[in-house]
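So the structure is just underneath, and the comments pick up after that.
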Amino acid sequence: MSDSYRAVVATGHRRFELVERERHDPPPGQVLIEVQACGVCHTDALAVEGDRDRPIVPGHEIIGRIGAVGEGVDASWKVGDRVGVGFLGGTDTTCEACRWGDFLNCADQPLTGTTIDGGYAEVTYARSTGLVRIPPGTETVNDAPLLCAGLTMYSALLAGRARPGSLVAVQGIGGLGHLGIQYARALGHRVAAIGRGTAKRELAAELGADEYIDSLAEDPGEALRRLGGAAVVVATAAAGAAMSGLVSGLGRNGELVVVGADPEPIQVRPEQLIFGGHRIRGSLTGTAIENEDNLRFTLRHAIRSYNEVFPLSEAAKAYERMISGDVRFRAVLDMRG
Ligand SMILES: NC(=O)c1ccc[n+]([C@@H]2O[C@H](COP(=O)([O-])OP(=O)(O)OC[C@H]3O[C@@H](n4cnc5c(N)ncnc54)[C@H](OP(=O)(O)O)[C@@H]3O)[C@@H](O)[C@H]2O)c1
Ligand SMILES: [Zn+2]
């Protein structure tokens, strides 16, 4: 096997470079992963266009095989094992920053593809504490997006206040949203999908949405009230302003779960929260262990990511499809290309 491997590094605002790197032995506590596939998540924007240190290899929806095991790694991880890595790169100790959820400034909790190199590469290195064991039945290329997009929706919905049968809305039908509709359906909810325009109406129904709300044609809060009010709305669109109108669509004690990241504030009147008993909560992806539960859940319920597949050399094109909102619905890099 060759000692060098290809990696795509983000070098500046939406600029990428394909480079050759030398393999090295994994440091203590880490494994070398021969990456087979990596999804392209909207959060990669933090690495590609955020105010971060570059160059960095983006990507945190990784599936591959262990190629080498570093010192001190638990004996249960062996060369050849199928593993995945999500956004949270595994933590060995706790520090003051991550105690407060300030992961971007945490000295210990690496964020895959954001504060450490990720999966737009044929090889990556990961802490064994962040590894996800991939169950038989999970497909390498098709299912890579489940490691972040899927997990994020799984965690957001499970921690919510909705019961089976209650109305749950998913705002934004992109990488996260198209999976969220399927998870909400599988959890037994009545599902409303909120998109911009009518282009995704039919696809939303195919994914399991009972209702479709076009936020360009009607106020989504009013539309949800007409449907009886949502127990939970999971907002995936990276648009804080668009989330403000969703609070009025919550039923009594309903909850807005925010997963889409945006610098724009969400505006809400205190009376809405008090009299409605509403809650607004953020939700951050999930841990490696939760990811293993997530993968088993997706297998049981035949939840699938709809992907456009690109070779590693076309990572820039894949990113562009994602960030422009054109991709249906997730771009995935296949390292065999
Ligand atoms: N909390 C977490 O742990 C976590 C994990 C992963 C990702 N994220 C964040 O979640 C967000 C979504 O990620 P993603 O990978 O799913 O992105 P994505 O694939 O780009 O999808 C976002 C979707 O939102 C839709 N959208 C944008 N503005 C909208 C609006 N005003 N109303 C309705 N829909 C709207 C877009 O569809 P149209 O353009 O077709 O309308 C797009 O399809 C990003 O901010 C990402 O950083 C958070
Ligand atoms: Zn992600």
Side-chain angles (χ1 to χ4, degrees), residues 38-50 58-62 84-89 101 103-104 111-114 118-120 144-157 159 169-181 183 192-201 203-204 207 212-221 223 233-246 249 257-264 266 281-287 290-291 294 305-308 318-332:
C38 182
V40 176
C41 178
H42 200 115
T43 303
D44 296 347
L46 273 177
V48 175
E49 42 199 281
H60 56 264
E61 292 181 340
I62 300 168
V85 183
F87 190 54
L88 301 182
F103 294 132
L104 280 175
L111 297 177
T112 315
T114 306
Y120 289 18
L146 302 176
L147 273 293
C148 171
L151 173 64
T152 301
M153 298 311 292
Y154 173 76
S155 307
L157 287 164
V170 177
Q171 178 235 22
I173 311 166
L176 267 60
H178 91 287
L179 285 162
I181 293 169
Y183 280 93
I194 306 172
R196 289 189 294 193
T198 54
K200 295 178 181 171
R201 179 188 290 274
L203 274 160
L207 293 163
Y212 183 83
I213 297 167
D214 172 2
S215 63
L216 295 182
E218 59 182 332
D219 175 70
V233 179
V234 184
T236 79
M243 293 180 195
S244 305
L246 299 172
V257 183
V258 177
V259 295
D262 190 47
E264 282 291 309
I266 301 171
R281 180 172 61 82
S283 184
L284 176 68
T285 191
T287 64
E290 287 161 349
N291 225 341
N294 162 49
S305 182
Y306 287 36
N307 299 330
E308 292 179 14
Y319 181 86
E320 198 48 47
R321 292 276 300 159
M322 178 280 297
I323 208 73
S324 62
D326 290 334
V327 70
R328 292 289 181 275
F329 285 94
R330 200 51 147 191
V332 178

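Remember, it's 1-based here, ligands and their atoms both numbered in the order they're listed.
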Are any non-hydrogen side-chain atoms of [X] and [Y] less than 4.5 angstrom apart?
X    : Y    : value
C41  : H60  : yes
L146 : L151 : no
L246 : P220 : yes
D44  : Y120 : yes
T152 : S283 : no
F329 : L203 : yes
V85  : L147 : no
M243 : V233 : no

Atoms of ligand 1 less than 4.0 Å from [X] heavy atoms?
X    : value
A238 : 45 (O)
C148 : 5 (C), 6 (C)
L284 : 3 (O)
T285 : 2 (C), 3 (O)
K200 : 37 (O), 38 (P), 40 (O), 43 (O)
T236 : 10 (O), 11 (C), 12 (C)
I173 : 43 (O)
M322 : 20 (O)

Under-4.0 Å heavy-atom contact with ligand 1, by part of A242 that carries it: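 Under 4.0 Å from ligand 1, A242 contributes side-chain atoms alone.
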S283, portion touching ligand 1 at heavy-atom distance under 4.0 Å: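 The answer is the backbone.
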Could you identify the single nearest non-hydrogen protein atom to [atom] and state the distance to 0.1 Å?
atom                    : answer
atom 5 (C) of ligand 1  : T152 OG1, 3.2 Å
atom 36 (C) of ligand 1 : R196 NH2, 4.2 Å
atom 25 (C) of ligand 1 : G172 CA, 3.9 Å
atom 22 (C) of ligand 1 : G174 CA, 4.3 Å
atom 16 (O) of ligand 1 : L176 N, 2.8 Å
atom 9 (C) of ligand 1  : V259 O, 3.4 Å
atom 8 (N) of ligand 1  : T43 OG1, 3.3 Å
atom 19 (O) of ligand 1 : G175 N, 2.9 Å

The one among H60, H42, Q171 that brings a heavy atom closest to atom 14 (P) of ligand 1: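 Shortest heavy-atom distance from atom 14 (P) of ligand 1: H42.
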Please confirm whether the backbone N or O of [Y] pairs with a side-chain atom of [X], one donor and one acceptor, at under 3.5 Å?
X    : Y    : answer
T112 : G118 : no
R330 : R328 : no
T287 : E290 : yes

Polar atom proximity, A261 to ligand 1 (N or O, under 3.5 Å):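 So ligand 1 has an N or O lying under 3.5 Å from an N or O of A261.
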The Zn ion (ligand 2) to H60: nearest N/O/S atom name: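 So the atom name we want here is NE2.
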E308/R321 under salt bridge (charged side-chain N to carboxylate O under 4.0 Å, His left out): CA gap, chis, key distance, verdict: CA-CA 9 Å; E308 292 179 14; R321 292 276 300 159; 2.9 Å; yes
Heteroatom test (N, O or S) for C148 near the Zn ion (ligand 2), limit 2.8 Å: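 Checking the Zn ion (ligand 2) against C148, an N, O or S atom does fall under 2.8 Å.
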Donor-acceptor pair between Y183 and N294 side chains, under 3.5 angstrom: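 A pair is found: one side chain offers a donor N or O, the other an acceptor, under 3.5 Å apart.
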Sub-4.0 Å heavy-atom contact, C41 with ligand 1: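 Heavy atoms of C41 do come under 4.0 Å of ligand 1.
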OG-CD distance between S215 and Q171, expressed to the nearest 0.5 angstrom: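 Nearest 0.5 Å value for the OG-CD distance: 7.0 Å.
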